[in-house]
Amino acid sequence: MTDQRSQAEIVRQSLKRRYRKERRFRAYGIMAIAIALGALIILFTDIIGKGYTGFVKTTITMDVQLDGGMMYLDDPTDERQIKMADFVEPLVQALIKEIPGATEEDRKQVRELINPYASVTLRDALKNNPEWLNTTRTLTFLTHTDVDVYVKHAGDGAYSIKLNEQQRAWVDDLLERNVVDTSFNNVFFSGGDSRDPSKAGIVGAIVGSLLTMFVTLILSFPIGVAAAIYLEEFAPQNRFTDFIEVNINNLAAVPSIIFGLLGLAVFINLFGMPRSVPVVGGLVLSLMTLPTIIISGRAAIKSVPPSIREAAEGIGASKMQVVLHHVLPLAMPGMLTGSIIGMAQALGETAPLLLIGMVAFIVDVPDGFFDSATVLPVQVFLWAGSPELAFIERASAAIMVLLTFLISMNALAIWMRKRLERRW
Amino acid sequence: MQPANLLLLTLVMAIVAYGLGYARSRSLAMPMGGIRHLKSLPFYYGARAALWSGIPALLVLACWMAFQGKVIQLIVIGGLPEGLIPPTDGEASLLLSKISNVASGALPSGFVEAPIAEAAERLKALRSQSQFLMSALVISVAVLAGFLGWLRIRPRLNARAQVEAILKWLFFSCAALAILTTVGIIFSVAFETFRFFEKVPFTDFIFGSHWSPQTALRADQVASQGAFGMIPLFTGTLLISAIAMIVAVPVGLLSAIYLSEYAGKKVRGVVKPLLEMLAGIPTVVYGFFAALTVAPFISDVAATLGIEASSQSALAAGAVMGIMIIPFVSSLSDDVINAVPQAMRDGSLALGATQSETMKKVIFPAALPGIMGGILLAVSRAIGETMIVVMAAGLAANLTANPLETVTTVTVQIVTLLTGDQEFDSAKTLAAFALGAMLFLSTLLLNVVALKIVRKYREQYD
């Protein structure tokens, strides 16, 4: 009697402890998910917090007296004259006039507020509008990066402000009167890289990425689909087929940098292709994404039910007709989804491109597959390595652009999977 | 003609060949009383003509593109006057880049010696000649082969069988490309690695505990001879990977368990895509995060605790890498846990075990081999990861196990040695390939073992 009681008692007594353990285990699981999601949130807020100011530019609007005598220019249509002319002086004079209390003695300090490229802007404006000579125009220019940093990050300890007391007072005053103003940074979306953070843009990198992705897509998608079809539908069960399969599975797990070594040794050194061009980048990335596309393509083909094949064969279709007319169209959505995910991976890839020389400093927007280019992630890498915090801000902004591309690609893939994939 | 335009033209010509083949088969069939007298449908005659025209032309185009660069380089170098021909490959590549800079106009020809300027002119001429020859050859091959294919169209010709055979071969060669890639990797890495071992003894590389790849540029320079001992690099790689796994394995595994055993459908539907998002973030973003946020944070925290931490600590790179690997571990473990048969779960629960007891004592042991396989795959991913360590880990090859110190990794050294100007035959650049070979071999080994374990595990429960 006592024995039985004690057994039930033991179980009952242990229950509390066991339930506690159960709750603890569950809490561990929730904690793990919280850590992972917390990391994701911290990552995103950090990047947005660092980078949203990258989408803002600081400009200065002033009445510029385009005096021919001051610029040593009497005919803006003359190429030679325009090359020799002084476009800095009118800007400095205009700004001195804008700042109450500034005199000719302060010209060096005043000049430091204007962007070094502002004179180029003025030159181009005058070249396009020769009739502006000897008139006074209200024009808008970029400020110097130091002013930009001061305006955006005056209270932020991380940024070192390079302006002196006098200049800060001026800028504060100009800001109050809206002479210096902030607006959406269209420069960032209209040009290539630059040594000057205010002037740096990501269009060059975006175009480079698009060209590279185009090469990757037209190579890896057809080849990947063809390989998947062969392996799933035609390959005989033998050692060679097994060997191909093992190869593909291993290639999917080979570190991406190894593909960079391959590109460097084969495409550049053996074939003598030029460095840092989108074609070579695309070739390397397509070798890298092929396994992903093949594996997802095979899964898509596998999911087409055998009844479809049997029905087609039953009415006399050849094996190739079965595959191309019936299986492939049904497997296509799955294949496209896999390819988009593979392309998204390739778009974010950096390491192999470093080895084939896509890290060069390139100002111009590339205009072809054989033109030196860089890509978006490499641009992020280049800017992130800069000691200037103004570039770090641009790197964050570029990351946001990159992530926008990637998230929309992945969203497209998910949408396609939901919309187009058939369940049998 | 530009290669891209030529490619387009080839495709257009193939389409034209299709149309002509289609028309010819019909016109051959009409006098006989309709297309039912053809062996195949007109579509196949057209497709056959298109393949005949397109495939040889594309092959010629690809081969020409692959080899023209090298051939032109050899001709330009060979055409230099006797005294200027560079004795080594390294000098040759420097000279070539100079010549091509002159040719592209980046370097005014007045700034260089006359023979170089002449070589640049020759380079320009050769390039345009090559492009012209390539266009002519590709177009004539396409036209000729297309014409031959078109000529051979007969009503008795089994065009469908031919087209299908060609397609099958095409599909096969696409699949075989995987082998070609592997072979390419092995050869490109192995070749340079052997050259490296001619300069640096194998044992020095494998067992050396000192890494400083700076070699003297000139003979009279007082510089270190360069030491190529890879042990500090491998310990650095292992240290960072170990930190990453310490972060990723518990978090990944526990979240997989929670999601597969406890979470409701709704939670799962929200949390899983979010976790997968971590895997979709490019590594350069993680590198940015590690270098500019986590590393300063760690060194600040260490400073307030009175410990000294490097601003490029192994901990920062490792922790962020761990975050990157979480979804990898969790999705692999999720698969494995779901593969454990429901009967085992039911049996355990029926005996009165709680869910966590079932998990810990029944499912986890059963899933362990599969989970180990997944972890091995994650380790290989961590070892080969590049951008995070390039941006957040240092360059100094310290032999240390202290996570707050700077270490460097194999991948960091490969990138550092191979970016920027390089001579191709110095021990420094070759060392990068030797490191690449080691990296390839170790990840390959891990992958093969891991895939074998996972596969075996799946078969056990299938």
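The chains referred to below are lettered A, B, ... by the order of the sequence lines, with proteins before strands, and numbering in each begins at 1. Atom set for the values below is all heavy atoms of this structure, side chains included, hydrogens, waters and symmetry mates excluded.
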Do A/V254 and B/T443 pass the side-chain contact (heavy atoms from CB on, under 4.5 Å) test, and can you show the C-alpha distance, the side-chain angles, and the key distance before you say yes or no? CA-CA 7 Å; A/V254 165; B/T443 51; 5.6 Å; no
Can B/L177 and A/I223 be said to form a side-chain contact (heavy atoms from CB on, under 4.5 Å), step by step? CA-CA 9 Å; B/L177 196 69; A/I223 295 179; 3.9 Å; yes
When you look at B/T181 and A/L262, which way does the side-chain contact (heavy atoms from CB on, under 4.5 Å) test go after all the steps? CA-CA 9 Å; B/T181 312; A/L262 171 75; 4.2 Å; yes
Evaluate B/F171 against A/L231 for side-chain contact (heavy atoms from CB on, under 4.5 Å), listing each step before the verdict. CA-CA 9 Å; B/F171 291 173; A/L231 290 173; over 6 Å; no
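Nearest heavy-atom pair, B/S255 versus A/A32, reported as atom, atom and distance to 0.1 Å: N-CB, 3.7 Å. The heavy-atom pair separating B/R160 from A/S318 by the smallest distance is NH1-CB, 3.2 Å. The minimum heavy-atom distance linking B/A178 with A/L251 is given by the pair O-CD1, 3.4 Å. Among all heavy-atom pairs drawn from B/I326 and A/A36, the shortest one is CG2-CB, 4.1 Å. In terms of heavy-atom proximity, B/K168 sits nearest to A/M320 at N-CE, 3.7 Å. Nearest heavy-atom pair, A/L40 versus B/I281, reported as atom, atom and distance to 0.1 Å: CD1-CD1, 3.9 Å.
Comparing A/V266, A/I47, A/N410, A/I392 by heavy-atom pairs within less than 4.5 Å of chain B, the highest count is held by A/I392. Of all the listed residues (B/A353, B/S356, B/P296), the one sharing the greatest number of non-hydrogen pairs under 4.5 Å with chain A is B/S356. Each of B/M391, B/M277, B/E357 has some count of heavy-atom pairs under 4.5 Å with chain A, and the biggest count is that of B/E357. For chain A, the option among B/L274, B/T293, B/V285 with the highest count of heavy-atom pairs below 4.5 Å is B/T293. Note: B/A175 leads B/G352, B/A175, B/G69, B/G384 in heavy-atom pairs under 4.5 Å with chain A. With respect to chain A, the highest number of heavy-atom pairs below 4.5 Å among B/L292, B/T283, B/I323, B/V163 belongs to B/L292.
Residue A/F369 touches chain B through its side chain alone, counting heavy-atom pairs closer than 4.5 Å. Using a 4.5 Å cut-off between heavy atoms, A/L403 contacts chain B through its side chain alone, with no backbone atom that close. For chain A, the nearby parts of B/M65 are the backbone and the side chain; heavy atoms of each come within less than 4.5 Å. For A/I35, the part lying under 4.5 angstrom from a heavy atom of chain B is the side chain only. Heavy-atom distances place the side chain of A/I407, and not its backbone, under 4.5 Å from chain B. When heavy atoms are compared at a cutoff of 4.5 Å, A/I30 approaches chain B by way of both its backbone and its side chain. Proximity to chain A is absent for every atom of B/V247, based on heavy atoms less than 4.5 angstrom apart. Of the atoms belonging to A/A344, not a single heavy atom falls under 4.5 Å from chain B. Heavy atoms closer than 4.5 Å to chain B are found in both the backbone and the side chain of A/L43. For chain B, no part of A/T241 is nearby; none of its heavy atoms comes within less than 4.5 Å. Residue A/F214 does not touch chain B at all, counting heavy-atom pairs closer than 4.5 Å. When heavy atoms are compared at a cutoff of 4.5 Å, B/I179 approaches chain A by way of both its backbone and its side chain. Using a 4.5 Å cut-off between heavy atoms, A/L402 contacts chain B through its side chain alone, with no backbone atom that close. Only the side chain of A/Y19 comes within contact range of chain B, judged by heavy atoms closer than 4.5 Å. Contact annotation for A/K50: only side-chain heavy atoms (C-beta onward) come within less than 4.5 Å of a heavy atom of chain B. In this structure, the portion of B/A4 lying under 4.5 Å from any heavy atom of chain A is its side chain and not its backbone. Neither the backbone nor the side chain of A/Q345 comes within contact range of chain B; no heavy atoms are under 4.5 Å apart. When heavy atoms are compared at a cutoff of 4.5 Å, A/I399 approaches chain B solely by way of its side chain, counted from C-beta outward.
Atom CD1 in A/I33 sits 9.0 Å away from atom CG in B/L254 (nearest 0.5 Å). Rounded to the nearest 0.5 Å, atoms CG (A/N249) and CG (B/N447) are 9.5 Å apart. In this structure, B/L180 CG and A/I244 CD1 are separated by 11.0 Å, a value rounded to the nearest 0.5 Å. Rounding to the nearest 0.5 angstrom, the gap separating the CG atom in A/L354 from the OG1 atom in B/T411 is 11.0 Å. From A/L353, atom CG reaches atom CE of B/M387 across 9.5 Å, with rounding to the nearest 0.5 Å. Of the inter-residue distances, the one linking B/E261 atom CD with A/R26 atom CZ reads 11.0 Å to the nearest 0.5 angstrom.
Heavy atoms from other residues, nucleotides or ligands lying under 6.0 Å from CZ of B/F187 number 12 at most.
Side-chain contact between A/I257 and B/E385: absent, with no pair of heavy atoms (C-beta onward) separated by less than 4.5 Å. A 4.5 Å side-chain heavy-atom check between B/K70 and A/F271 finds every atom pair outside the cut-off. Put simply, the side chain of A/N250 reaches to within 4.5 Å of the side chain of B/L444, judged on heavy atoms. Using a 4.5 Å heavy-atom threshold, the side chains of B/V284 and A/V378 count as separate. At least one side-chain heavy atom of B/I257 sits under 4.5 Å from a side-chain heavy atom of A/F25. Side-chain contact check for A/Y230 versus B/L170: every heavy-atom pair is 4.5 Å or farther apart. Contact annotation: the side chain of A/V225 never approaches that of B/C174 to less than 4.5 Å [non-hydrogen atoms, C-beta and beyond]. Looking at B/L253 and A/Y28, their side chains never come closer than 4.5 Å, going by heavy atoms from C-beta outward.
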Result block: side-chain N/O donor-acceptor pairs under 3.5 angstrom for residues 432-442 of chain B, not counting sequence neighbours:
residue: B/S442; atom: OG; partner: B/M438; partner atom: O; Å: 2.8
residue: B/S442; atom: OG; partner: B/L439; partner atom: O; Å: 3.2

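In this structure, A/F234 has its ring center at least 6.0 angstrom away from the ring center of B/F172.
In this structure, the side chain of A/E22 engages the main chain of B/Q355 through a donor-acceptor pair within 3.5 Å.
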